[in-house]
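Worksheet: one structure, shown below.
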Amino acid sequence: MSQREPSNESYKTQVTMNPAGFVLLADYVPAIVLEIRYYSTYNFVGDRINGYEEPCALLTKEAARALLAVSNELNVQGYRLKVFDAYRPANAVRHFVMWGVDDLDQRMKPFFYPDLNKTELFEKGYIASRSSHSRGSTVDLTLLEMETGKEVDMGSSFDMFSEISHPDYTGITQEQYENRQFLQKAMVRHGFEPIFCEWWHFTLGNEPYPDTYFEFPVSSQYLRR
């Protein structure tokens with residue numbers, strides 16, 4: 001789900017199970033709110049995704065540190081960060097790919113890709129066969145109002161695979177567009193980079209493992225071994 005993914009021709013990477021450079025996000029950013037969608041069945045696949053053993057969020061230390069700075073800035077302005085996904089194991093991405101070739105499984109189409117065929121999700125960049133999430137410095141998130149606890153209206157929901165989710169889409173209200181820009185500017189100020197097709201998706205620009213894809217599970221117990 002990233003425009004920064006390498007092509008097949010340039011794909012010279014390593015895959016590892018070593019979580020040494022990762023932290024539990026809630027330990028680094030105490031004000032964070034988690035709704036780990038791929039641990040649940042409410043996601044575009046409709047099942048818990050392989051590799052998600054706990055409803056927690058893991059990130060590289062560098063990305064967590066940068067996200068703490070974002071959180072601190074936004075807390076002062078009355079907002080909290082809500083995270084839908086962070087580090088994503090490589091085998092979870094393979095789960096997505098295998099789901100993508102099963103033409104009969106359309107259970108979640110009305111909720112996440114109502115106007116697209118499954119094959120278009122890959123063609124249009126919404127799902128990648130190699131995800132920046134597996135490098136450990138990418139996060140999917142939104143904003144919550146601290147006063148009400150409600151999500152800020154961004155004009156589309158998380159993982160709505162549609163042009164309406166593009167950060168620069170203008171067919172939404174002015175307030176919704178400004179909310180997206182507010183989140184994006186806060187993330188960019190602290191070193192994260194957006195992508196063209198998802199307002200919720202950000203990758204640390206100076207990520208520590210640009211050529212490494214990780215396979216270990218989303219598990220606080222595994223992290224603390």
Do Tyr42 and Asp159 have side-chain atoms, one donor and one acceptor, less than 3.5 Å apart?
no
What I want to find out is whether Glu73 reaches Lys185 closely enough, with some N-O distance under 4.0 Å, to be called a salt bridge.
no
With the side chain counted from C-beta on, respond yes when Val218 and Tyr39 share a heavy-atom pair under 4.5 Å apart, and no when they do not.
no
Donor-acceptor check, side chain of Lys118 to backbone of Asp102, threshold 3.5 angstrom: yes or no?
yes
Shortest non-hydrogen contact between Thr212 and Gln14, atoms and distance:
OG1-NE2, 3.2 Å
How far apart are the closest heavy atoms of Met17 and Pro217, and which atoms are they?
CE-CD, 4.4 Å
In chain order, what residues pass the side-chain hydrogen bond (donor to acceptor under 3.5 Å, both in side chains) check against Thr142, with sequence neighbours excluded?
none
Would you say the side chain of Asp115 lies within less than 4.5 Å of the side chain of Glu163, judging by non-hydrogen atoms?
no
Grouping I, L, V, M, F, W and Y whenever their side-chain heavy atoms are under 4.5 Å apart, do Phe161 and Val97 come out in a common cluster?
yes
Tell me whether Arg80 contacts the main-chain N or O of Ala31 through its side chain, where contact means a donor paired with an acceptor under 3.5 Å.
yes
Do you know the tightest heavy-atom contact between Pro114 and Pro110?
CB-O, 4.0 Å
Under a 4.5 Å side-chain heavy-atom rule over Ile, Leu, Val, Met, Phe, Trp and Tyr, are Val33 and Val139 clustered together?
no
Flag for Thr203-Glu193: side-chain donor and acceptor within less than 3.5 Å:
no
Please round to the nearest 0.5 Å and tell me the distance separating atom CG of Leu81 and atom CG of Leu141.
5.5 Å
Glu178 pairs by side chain to side chain donor-acceptor pair (under 3.5 Å) with which of Gln174, Gln181, Arg180, Gln176?
Gln174
Nearest non-hydrogen partners of Asn18 and Ala20, listed with the distance:
OD1-N, 3.0 Å
Let me confirm one number: the CZ-CZ distance from Arg37 to Phe112, rounded to the nearest 0.5 Å.
5.5 Å
Stepwise side chain to side chain contact (heavy atoms under 4.5 Å, CB included) check, Leu67 with Phe192:
CA-CA 9 Å; Leu67 199 61; Phe192 289 92; 4.3 Å; yes
Taking C-beta and beyond as the side chain, do Val152 and Phe182 meet within less than 4.5 Å on heavy atoms?
no
Among residues at least two apart in sequence or on other chains, which ones pass side-chain hydrogen bond (donor to acceptor under 3.5 Å, both in side chains) with Thr170?
none
Do Leu121 and Phe111 land in one hydrophobic cluster if side-chain heavy atoms of ILVMFWY residues count as linked below 4.5 Å?
yes
Output for pair (Tyr213 OH, Arg130 CZ), nearest 0.5 Å, gives 7.5 Å
Taking atom CD of Gln184 and atom CG of Asp168, what is their separation to the nearest 0.5 Å?
9.0 Å
Determine whether the side chains of Ser165 and Glu198 contain a donor N or O and an acceptor N or O closer than 3.5 Å.
no
Note: Ala92 and Tyr52 closest approach over all heavy atoms is CB-CE1, 3.8 Å
In this structure, CD of Glu35 is separated from CG of Asp85 (nearest 0.5 Å) by 11.5 Å
Would you say Phe202 and Pro194 make side-chain contact, with heavy atoms under 4.5 Å?
yes
Whether the side chain of His133 engages the backbone of Tyr87 through a donor-acceptor N/O pair (distance < 3.5 Å, no angle test) should be reported.
no
Give a yes or no on whether the backbone of Ser220 and the side-chain of Glu54 come within a donor-acceptor separation of less than 3.5 Å.
yes
Close side-chain approach of Trp199 and Ser156, heavy atoms under 4.5 Å
yes
Using every non-hydrogen atom in the two residues, find where His190 and Ala66 come nearest and quote the distance to one decimal.
O-CB, 3.6 Å
Checking one residue: Met160. Which other hydrophobic residues are in its cluster under the side-chain 4.5 Å linking rule?
Ile164, Tyr169, Ile172, Tyr177
Measure the CG-CD1 distance between Asn43 and Ile49 for me, rounded to the nearest 0.5 Å.
4.5 Å
Can you confirm whether more than 12 heavy atoms, excluding those of Glu145, are under 6.0 Å from its CD atom?
yes
Given the rule that I, L, V, M, F, W and Y join up when any side-chain heavy atoms are under 4.5 Å apart, are Phe84 and Leu144 in one cluster?
no
Within 45° of the ring axis of Tyr38 and under 6.0 Å from its six-membered ring centre, is that where the NZ or CZ of Arg48 lies?
no
Under the 3.5 angstrom rule, does the side chain of Arg107 hit a backbone N or O of Val45 as a donor-acceptor pair?
yes
Using side-chain heavy atoms (C-beta onward) and a distance below 4.5 Å, is Tyr126 in contact with Tyr113?
no
Using 30° and 60° as the class limits, which term best fits the ring planes of Trp99 and Phe44: parallel, tilted or perpendicular?
perpendicular
Whether the side chain of Lys124 engages the backbone of Cys197 through a donor-acceptor N/O pair (distance < 3.5 Å, no angle test) should be reported.
no
Is a donor on one side and an acceptor on the other found under 3.5 Å between the side chain of Thr41 and the backbone of Gly46?
no
Please answer: with hydrophobic residues joined when any side-chain heavy atoms are less than 4.5 Å apart, are Tyr222 and Val93 in the same cluster?
no
